[in-house]
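For reference, the structure is listed below as structure tokens.
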Amino acid sequence: QVQLVESGGGLVQAGGSLRLSCTASGRTFSNYNIGWFRQTPGKGRAFVAAIKWTSINTDYADSAKGRFTISRDNAKNTVSLQMNSLKPEDTGVYYCAANSAPVLLRNPGTYNYWGQGTQVTVSS
């Protein structure tokens, strides 16, 4: 089992920045890929970004490219998502999730472990 806890959400004006953190406990964190997903009312969880357990590979949704940066510190069991130039459409509940797949995946159904989510609200 891997337990994940997100933090860092909040209310920010458009153009502002937030840094989300995903802290893990349980099994060896460094063996897992971590993905970030955003959920809005009435919609499923949309892929935002992911990072391989080696930190060598990352993947971003088109909407996140150039504005968001995912990184990890395996020594601290933490993955961060730095979000800059935020837009109102970035609003939602952000979840981090873990899997041990050999490649980075965007389908939320392929992730085995999930955090409880953190709310991000971007005002216009």
Side-chain angles (χ1 to χ4, degrees):
Q1 287 283 349
V2 176
Q3 292 79 41
L4 303 172
V5 178
E6 302 94 337
S7 61
L11 173 64
V12 64
Q13 289 189 332
S17 298
L18 281 175
R19 186 177 182 88
L20 305 184
S21 293
C22 174
T23 302
S25 61
R27 289 189 175 180
T28 306
F29 174 72
S30 59
N31 291 344
Y32 290 85
N33 308 322
I34 299 295
W36 282 97
F37 295 82
R38 177 178 61 244
Q39 187 163 23
T40 52
K43 294 186 178 181
R45 295 180 182 180
F47 172 77
V48 176
I51 187 166
K52 197 78 169 65
W53 65 272
T54 59
S55 299
I56 294 176
N57 301 105
T58 58
D59 187 25
Y60 296 91
D62 288 344
S63 60
K65 286 179 182 176
R67 299 188 300 128
F68 294 4
T69 302
I70 190 171
S71 61
R72 70 189 295 161
D73 185 340
N74 287 338
K76 297 182 178 179
N77 284 2
T78 299
V79 169
S80 298
L81 183 68
Q82 178 67 42
M83 304 189 297
N84 299 328
S85 302
L86 283 163
K87 305 175 182 179
E89 51 263 44
D90 295 320
T91 294
V93 178
Y94 282 72
Y95 296 88
C96 65
N99 70 22
S100 56
V103 296
L104 291 178
L105 299 170
R106 296 187 173 193
N107 185 341
T110 62
Y111 287 77
N112 309 103
Y113 305 102
W114 291 82
Q116 84 289 348
T118 185
Q119 176 70 45
V120 170
T121 302
V122 183
S123 63
S124 57

Restricting to non-hydrogen atoms, name the atom on R38 and the atom on G92 that form the minimum distance, rounded to 0.1 Å.
CG-CA, 4.0 Å
Side-chain donor-acceptor pairs under 3.5 Å in residues 95-103, sequence neighbours left out?
| residue | atom | partner | partner atom | Å |
| --- | --- | --- | --- | --- |
| N99 | OD1 | N33 | ND2 | 3.1 |
| N99 | OD1 | A101 | N | 3.4 |
| N99 | ND2 | T110 | O | 3.2 |

To the nearest 0.5 Å, tell me how far K52 NZ sits from T58 OG1.
12.5 Å
For T40, all residues meeting side chain to side chain donor-acceptor pair (under 3.5 Å), sequence neighbours excluded:
none
Are the side chain of Q13 and the backbone of S123 linked by a donor-acceptor contact shorter than 3.5 Å?
no
Between atom OG1 of T69 and atom CZ of R19, what is the distance when rounded to the nearest 0.5 Å?
8.5 Å
Output the distance between atom CG (N31) and atom OG1 (T54), rounded to the nearest 0.5 Å.
11.5 Å
State whether K87 and D90 are salt-bridged, where the test is any N-O pair (Lys NZ or Arg NE/NH1/NH2 against Asp/Glu carboxylate O) under 4.0 Å.
no
Taking the side chain as every heavy atom from C-beta outward, state whether S7 and V5 have any pair of such atoms under 4.5 Å apart.
no
Once you round to the nearest 0.5 Å, how far does CG of N57 lie from CD1 of I70?
11.5 Å
Enter the distance from S80:OG to I34:CD1 here, rounded to the nearest 0.5 Å.
11.5 Å
Residue pair Q116, E6: steps toward the side-chain contact (heavy atoms from CB on, under 4.5 Å) verdict:
CA-CA 7 Å; Q116 84 289 348; E6 302 94 337; 2.9 Å; yes
Please table the atom pairs, donor to acceptor, closer than 3.5 Å between any side-chain atom in residues 41-48 and protein atoms at least two apart or in another chain.
| residue | atom | partner | partner atom | Å |
| --- | --- | --- | --- | --- |
| R45 | NE | Q39 | OE1 | 3.0 |

Residue list, side chain to side chain donor-acceptor pair (under 3.5 Å) with T121, at least two apart or on another chain
Q119
Can you give me the closest heavy-atom contact between N74 and W53, atom names plus distance?
ND2-O, 3.4 Å
I'd like to know if M83 and V12 are part of one continuous hydrophobic network [Ile/Leu/Val/Met/Phe/Trp/Tyr, side-chain heavy atoms within less than 4.5 Å].
yes
For a quick test of reading the model, state the closest non-hydrogen atom pair linking T118 to G9 and the distance between them.
OG1-N, 3.2 Å
Is there a side-chain contact between L86 and F68 in this structure, where contact means two heavy atoms from C-beta onward sitting under 4.5 Å apart?
yes
Looking only at heavy atoms, which two atoms of Y60 and A49 are closest? And how far apart?
CD2-CB, 3.7 Å
How close do L104 and D59 get, heavy atom to heavy atom, and via which atoms?
CD1-N, 3.9 Å
With sequence neighbours excluded, residues passing side-chain contact (heavy atoms from CB on, under 4.5 Å) with S124:
P88
Does anything in residues 30-67 pair up under disulfide bond (SG atoms under 2.5 Å apart), and if so which pairs, sequence neighbours excluded?
none
Determine, using the 4.5 Å side-chain heavy-atom cutoff (strictly less than), whether F37 and Y94 are members of one ILVMFWY cluster.
no
d(Y113 OH, Y32 OH) to nearest 0.5 Å is 4.5 Å
Which atoms form the tightest heavy-atom contact between L105 and Y111, and what is the distance?
O-OH, 2.6 Å
